[in-house]
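In this text the structure is predicted, and so the values were computed from the model without any measurement.
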Amino acid sequence: APAVDLSDLPHLLRHSFRASRKAMVRAQRRGTAADFHEWRKSVKSLWYQLRLAERLVAGLDSEIREFNQLETALGEEHNLVVLRTKLTGDKDLRHLKNQLNNVVAMVNVLQEEIRRSTVVLGTRLHSASPKEFAKDLQRRLRPKGVRARKQAQSAQSRPAGAGTAA
């Protein structure tokens, strides 16, 4: 299995952060469904990577939680795009034109609300430059062999001999 040197981790995450930030700017600027979906995919990738790095970088839990919230909201936005496409493309629903128009109008309003909230959260989460993001991660790297506080505490709270093979 390929190994990643711990000191390379911030640089690797910097690239994902930059991609997510660029995708956010593009989605804000152009506002297309495809751009918001690309932003979601880059946020999801960064979120996965941050989860993998959690034990190696101190204090990532709130960032992980917030990037998860952002990814989830972007997923809901995409679900509304899919719903609207299905509803407007279904020939069997054309006889319900007025009701369909009302539902599509509600979908549009909800989608706009979600987009506004994702832009607010995304702008806050991406406020640092990729370089600043990587420097911050570098400062918080745990020395080799140091476990996260939760793990160390749970290991201390186990009864003697618990968790060892008999």
Taking H126 for its side chain and G122 for its backbone only, find out whether a donor-acceptor pair lies under 3.5 Å. yes
Shortest non-hydrogen separation from L13 to A53 and the atoms involved: CD1-CB, 4.1 Å
CG (D136) and CZ (R14) are apart, to the nearest 0.5 Å, by 13.5 Å
For S7 and L141, which heavy atoms make the closest approach, and how far apart are they? CA-CD1, 4.3 Å
Side-chain heavy atoms nearer than 4.5 Å, only ILVMFWY residues, links allowed to pass through others: does that put L110 and V103 together? yes
Tell me whether R142 contacts the main-chain N or O of R55 through its side chain, where contact means a donor paired with an acceptor under 3.5 Å. yes
Close side-chain approach of P10 and K135, heavy atoms under 4.5 Å: no
Report yes or no: do V57 and L6 belong to one cluster of Ile/Leu/Val/Met/Phe/Trp/Tyr joined by side chain heavy-atom distances under 4.5 Å? yes
R116 versus E113: any side-chain heavy-atom pair under 4.5 Å? yes
Is there a path of hydrophobic side-chain contacts, each under 4.5 Å between heavy atoms of I, L, V, M, F, W or Y residues, that connects L80 with W39? no
Considering all heavy atoms, the nearest S20-S42 contact: CA-OG, 3.3 Å
Between K41 and E38 (salt bridge meaning N to carboxylate O under 4.0 Å), is one present in this structure? yes
Are R115 and F36 in a cation-pi contact, defined as NZ or CZ under 6.0 Å from the six-membered ring centre and within 45° of the axis? yes
Which residues satisfy the salt bridge (Lys or Arg N to Asp or Glu O under 4.0 Å) test with E71, sequence neighbours excluded? R40, K44
To the nearest 0.5 Å, how far apart are CG in N68 and CG in L50? 11.0 Å
For a side-chain contact (heavy atoms from CB on, under 4.5 Å) check, start with the C-alpha distance between R18 and R21, then their side-chain angles and the critical distance, and finish with the verdict. CA-CA 5 Å; R18 179 184 292 123; R21 195 173 193 234; 5.6 Å; no
Flag yes if more than 12 heavy atoms outside H15 fall under 6.0 Å of its NE2 atom; otherwise flag no. yes
Same cluster or not: are V82 and I114 linked, directly or through other Ile, Leu, Val, Met, Phe, Trp or Tyr residues, by side-chain heavy atoms under 4.5 angstrom apart? no
Taking only residues two or more places apart in sequence, or in another chain, which ones meet R29 in a salt bridge (Lys or Arg N to Asp or Glu O under 4.0 Å)? none
So, does R140 use its side chain to make a donor-acceptor pair with the main chain of G59 at under 3.5 Å? yes
dist Q69:CD -> L125:CG (nearest 0.5 Å) comes out at 8.5 Å
Drop me the distance from Q28's CD to T123's OG1, to the nearest 0.5 angstrom. 4.5 Å
Say whether, by atom type as modelled, one donor and one acceptor occur between the side chain of T85 and the main chain of V81 under 3.5 angstrom. yes
Would you compute the distance between atom CD of E66 and atom CG of L60 and round it to the nearest 0.5 angstrom? 11.5 Å
Identify whether I64 and L52 are in the same connected component of the hydrophobic contact network (ILVMFWY, side-chain heavy atoms under 4.5 Å). no
Can you check whether V119's main-chain N or O pairs, donor with acceptor, with R124's side chain at less than 3.5 Å? no
The salt bridge (Lys or Arg N to Asp or Glu O under 4.0 Å) partners of K22 (sequence neighbours excluded) come to none
Output yes when a side-chain donor or acceptor of E132 lies under 3.5 Å from a complementary backbone atom of S129, and no otherwise. yes
At what distance, to the nearest 0.5 angstrom, does CG of L70 lie from CE of M24? 9.0 Å
Would you say the side-chain atoms of T88 pair up with the backbone N or O of R84, donor to acceptor, closer than 3.5 Å? yes
Plane angle bin for F17 and F67 - parallel if under 30°, tilted between 30 and 60°, otherwise perpendicular: perpendicular
Any chance you could lay out the side-chain contact (heavy atoms from CB on, under 4.5 Å) test for L137 and L9, step after step, and finish with the verdict? CA-CA 8 Å; L137 293 178; L9 187 63; over 6 Å; no
